[in-house]
Structures are given as structure tokens and as C-alpha cells.
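Structure, as C-alpha cells:
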Amino acid sequence: MSSLAFQDVVVRYDRHVAVQPFTDSVRPGEWLCLIGPNGAGKSSVLRAVAGLVGHEGTITVDGAPLAVRSPRRRAALVAYVPQSPLIPADMTGFDYVLLGRNPYIGYFGSESRHDRALVQDVLERLDLVRFADRRLGTLSGGEQQRLVIARAVAQEAPVLLLDEPTSALDIGHQQQALELVDRLRREHGLTVVSAMHDLTLAGVYADRLTLLHQGSVVAAGAAAEVLRAETLSEFYGVSVSVHHDPDGTVVVVPRRTAPLA
Ligand SMILES: Nc1ncnc2c1ncn2[C@@H]1O[C@H](COP(=O)(O)OP(=O)(O)O)[C@@H](O)[C@H]1O
Ligand SMILES: [Mg+2]
């Protein structure tokens with residue numbers, strides 16, 4: 001179980017500031033979901049944790065700054081599912097998921113029996129065994145996306161970052177993927193930070209939501225606090241209605257706006 005903390009984290013691309021000083025502390029086993037309109041800075045926060053973009057301020061895992069870790073050690077701590085992963089078309093599903101074991105394999109070494117057994121186990125748990133021998137180029141976008149999640153799971157890092165992990169999935173596989181992440185969190189105490197567009201699903205699965213707008217946090221807290229019609233209208237420019245189910249689920253539904261007269 002690991003904690004992930006952000007202290008005054010700033011991400012900039014040349015002179016464009018994509019993330020304003022961002023401070024947050026994600027508890028071990030907690031699921032934080034970043035929401036916000038396109039360009040709000042969600043991916044930039046995740047990329048900073050993954051070490052793919054530079055940042056100012058400090059990001060720590062269990063109190064130790066990530067920036068001083070070797071890339072290999074970092075990969076053993078943080079697994080990252082990008083928004084649009086590169087898919088090597090000729091690679092088999094099994095070999096692709098095996099890439100998740102790279103941080104544990106020596107420079108000139110090859111994977112161990114344990115690595116292969118673990119990959120097999122992940123494929124079974126994610127119901128992906130039938131794609132083990134298929135080349136990625138022959139799979140549908142949704143099937144590829146599930147293998148990308150499998151690869152991150154095989155990495156066995158205590159912190160899992162998911163950038164819109166379910167955007168290519170149908171509603172059934174969306175639920176299956178999010179349930180899996182939830183199960184890993186419960187069984188292994190994974191700490192999860194995700195960016196998600198589906199606000200209802202974000203509220204169902206995450207413990208806490210943080211709404212970003214132009215790189216700044218404009219609302220944060222439990223789903224019922226963040227998913228308010230006025231807040232969403234202000235920062236997304238949409239008209240929505242928000243319903244509260246008896247079980248506590250907060251349902252966000254877009255409203256049809258009246259046509260111009
Ligand atoms: N590689 C880049 N170079 C320049 N600007 C970028 C780059 N990546 C993202 N940005 C800008 O940073 C801002 C935040 O982007 P991003 O983190 O991708 O937002 P989100 O994931 O919330 O849609 C946007 O204004 C985007 O145009
Ligand atoms: Mg993004």
C-alpha cells in the first residue's frame with residue numbers, strides 16, 4: 001500500500017502553464033478521479049507522475065520524491081495507462097502484457113517463469129486468454145485497451161494511473177474494467193488516480209473527485225459535492241440534471257437545450 005502526494009506541482013509546456021500549483025494527497029488504497037473539460041490538465045498531472053513530462057514542485061510515493069528515482073524503480077512504483085497508447089501491431093497479446101514485467105527483468109536478462117506465470121494469471125483474471133496468441137493489429141480498439149490495462153496490472157506497481165481507460169470500451173467492458181481496478185484496489189491496496197470523462201462512472205468508482213479547469217482545482221470532494229448542476233454548467237458549459245439514487249449514486253444526465261427560436 002502506497003501513498004501518493006503532490007506538493008505545488010506545476011506542469012508547463014514552454015511558456016504555457018498546463019497545471020497550476022497542484023497539491024493533493026492520495027491515501028494508500030484510495031481512488032482519486034480527475035475530471036474536467038478537455039485541456040483542463042488531467043493528462044498532464046498523470047504524465048508528470050509517470051515521469052513523461054517535467055514538473056516543478058514535488059511528487060512523492062510513500063514520502064520519497066519520484067524525480068530522484070531511476071526510471072526502472074519508478075516503473076516498479078507507478079504503472080501508467082496512457083490515453084492513446086502506441087500499439088505494436090505485430091506483437092501478440094501475451095508478449096505485450098509481458099512488457100509490464102520490464103522493470104523486473106535485467107538489462108540482458110529474459111523474463112522468468114514467474115513473470116510468464118503472472119502474465120498468464122492476469123490474462124485469466126481479465127478474461128483475455130483468448131487474445132494471448134493474437135497479434136494486436138488484429139484486435140478491436142476495445143480489446144487492445146483491455147490488454148493495455150492488463151499490461152499495467154502485470155507491472156504490479158502499488159500506484160496505478162489510468163488516463164481515460166475506458167473511453168474505447170462498450171458499457172459492459174467499461175464496467176468490467178472498472179470493477180477489475182476496484183477489485184485490485186480492495187485486494188491489493190492499489191492506489192489509483194484516473195482521468196475520466198463519464199462523470200457518473202467517475203462518481204461511482206472513485207472515493208474522491210477533483211475538478212480541474214484551466215489547470216486549477218475548482219472543486220474537490222465526494223461525488224455529491226462536486227457533481228452539482230451549477231458547477232458542471234459553469235466549468236463544462238453544459239446543461240445537465242443531477243439525480244441522486246437512493247443507493248447514493250450521483251447520476252449526471254445532459255439536458256437537451258431548447259432550439260433557437
Ligand atoms: N505536448 C504538449 N505541448 C504543448 N501543450 C500541451 C502539450 N500537452 C498538453 N498541452 C496543453 O496543456 C493543456 C492541458 O492538456 P492536458 O493535460 O492534455 O488536458 P486534459 O487531459 O485535461 O484534456 C492544454 O491546453 C493542452 O493544449
Ligand atoms: Mg487528457
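Residue D247 places its CG atom among more than 12 non-hydrogen atoms of other residues, nucleotides or ligands, all under 6.0 Å distant. Other residues, nucleotides and ligands contribute at most 12 non-hydrogen atoms within 6.0 Å of the CZ atom of R113.
Judged by distance alone, with hydrogens and angles left aside, the side-chain atoms of R72 form no donor-acceptor pair with the main-chain N or O of R69 at under 3.5 Å. Judged purely by atom type and a 3.5 angstrom limit, S25 has no side-chain atom pairing as donor or acceptor with the backbone of A5. In this structure a side-chain-to-backbone donor-acceptor pair under 3.5 Å is missing from E56 to D8. Under the 3.5 Å distance criterion, the side-chain polar atoms of S216 are left unmatched by any main-chain donor or acceptor of V218. Formation of a donor-acceptor pair under 3.5 Å by the E234 side chain with backbone atoms of T231 is not found in this model. At least one donor-acceptor pair closer than 3.5 Å links the side chain of S70 to the backbone N or O of R73. At distances below 3.5 Å, not a single donor-acceptor pair connects side-chain atoms of D245 with backbone N or O atoms of G248. Side-chain atoms of K42 never come within 3.5 Å of backbone atoms of L212 as a donor-acceptor pair (strictly under, hydrogens ignored). Distance alone, capped at 3.5 Å, is enough to place a donor-acceptor pair between the T200 side chain and the V252 backbone. Of the possible polar contacts, one joining the T191 side chain to the G29 backbone as a donor-acceptor pair under 3.5 Å is found.
The heavy-atom pair separating V49 from R74 by the smallest distance is O-NH2, 3.2 Å. Heavy-atom minimum distance, A154 versus R101: O-NH1, 2.8 Å. Nearest approach of L209 to V226, heavy atoms of both residues: O-CG2, 3.8 Å. Considering every non-hydrogen atom in both V242 and R228, the closest pair reads CG2-C, 4.2 Å. Here the shortest heavy-atom pairing between D127 and R130 reads O-NH1, 3.3 Å. Of all heavy-atom pairs spanning P37 and Y236, the tightest one is N-CE2, 3.7 Å.
Expressed to the nearest 0.5 Å, how far CG of L123 lies from CG of L118 amounts to 9.5 Å. The line from CZ of R134 to CG of L147 is 10.0 Å long, rounded to the nearest 0.5 Å. Distance check: Q174 CD to R146 CZ gives 12.5 Å after rounding to the nearest 0.5 Å. Put simply, CG on L139 and CD on Q145 are 12.5 Å apart, with the number rounded to the nearest 0.5 Å. Note: S84 OG to E164 CD = 8.5 Å, rounded to the nearest 0.5 Å. Atom-to-atom distance recorded for S44:OG and L46:CG is 9.0 Å, nearest 0.5 angstrom.
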Inset, instruction - List the steps, then state whether side chain to side chain contact (heavy atoms under 4.5 Å, CB included) holds for N38 with H197. - result: CA-CA 9 Å; N38 292 330; H197 273 307; 3.5 Å; yes
Inset, instruction - Could you walk me through whether D133 and T92 pass the side-chain hydrogen bond (donor to acceptor under 3.5 Å, both in side chains) test, one step at a time? - result: CA-CA 5 Å; D133 297 325; T92 66; 5.8 Å; no
Legend entry - S194 vs Y205, side-chain hydrogen bond (donor to acceptor under 3.5 Å, both in side chains): CA-CA, chis, key distance, verdict: CA-CA 10 Å; S194 65; Y205 285 99; over 6 Å; no
Legend entry - side chain to side chain contact (heavy atoms under 4.5 Å, CB included) evaluation trace for D163 with V81: CA-CA 6 Å; D163 200 348; V81 174; over 6 Å; no
Inset, instruction - Could you please spell out the steps behind the side-chain hydrogen bond (donor to acceptor under 3.5 Å, both in side chains) verdict for Q155 and Y104? - result: CA-CA 9 Å; Q155 206 171 319; Y104 308 99; over 6 Å; no
Legend entry - From CA spacing to verdict: salt bridge (Lys or Arg N to Asp or Glu O under 4.0 Å), D207, R27: CA-CA 10 Å; D207 298 303; R27 285 179 285 108; 5.4 Å; no
Inset, instruction - I would like to know whether V19 and V10 meet side chain to side chain contact (heavy atoms under 4.5 Å, CB included); could you show each step before the answer? - result: CA-CA 5 Å; V19 178; V10 172; 5.9 Å; no
Inset, instruction - Take F6 and T60, measure what side chain to side chain contact (heavy atoms under 4.5 Å, CB included) needs, and give me the verdict at the end. - result: CA-CA 7 Å; F6 300 85; T60 58; over 6 Å; no
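Between L66 and L77, the closest side-chain pair of non-hydrogen atoms falls below 4.5 Å. Side-chain contact between L32 and L34 is present, with heavy atoms from C-beta onward closer than 4.5 Å. Looking only at side-chain heavy atoms (C-beta outward), L162 and V193 stay at 4.5 Å or farther from each other. Side-chain contact between L99 and M91 is present, with at least one heavy-atom pair separated by less than 4.5 Å. Residues M196 and P165 have side chains in contact (heavy-atom distance under 4.5 Å, counting atoms from C-beta outward). With a 4.5 Å cut-off on side-chain heavy atoms, E156 and H188 do not count as touching. V45 is listed as a side-chain neighbour of F22, based on a closest heavy-atom distance under 4.5 Å. Between V181 and W31 the shortest side-chain heavy-atom distance falls below 4.5 Å.
Residues V148 and L190 are members of one and the same hydrophobic cluster, defined by side-chain heavy-atom contacts under 4.5 angstrom among Ile, Leu, Val, Met, Phe, Trp and Tyr. No continuous path of ILVMFWY side-chain contacts below 4.5 Å connects L161 to L184, so the two sit in separate hydrophobic clusters. Side-chain heavy atoms closer than 4.5 Å link hydrophobic residues (I, L, V, M, F, W, Y) into clusters, and following such links, possibly through other members, connects I59 to V61. In the hydrophobic clustering of ILVMFWY residues, with side-chain heavy atoms under 4.5 Å counting as a link, I105 and V153 come out apart. With hydrophobic clusters built from ILVMFWY side chains whose heavy atoms lie under 4.5 angstrom apart, L211 does not share a cluster with V253.
Using a cut-off of 4.0 Å between Lys/Arg side-chain N and Asp/Glu carboxylate O, R185 and E30 are scored as not salt-bridged.
The residue from L232, V204, V240, V251 that alone fulfils the side-chain contact (heavy atoms from CB on, under 4.5 Å) condition with L199 is L232.
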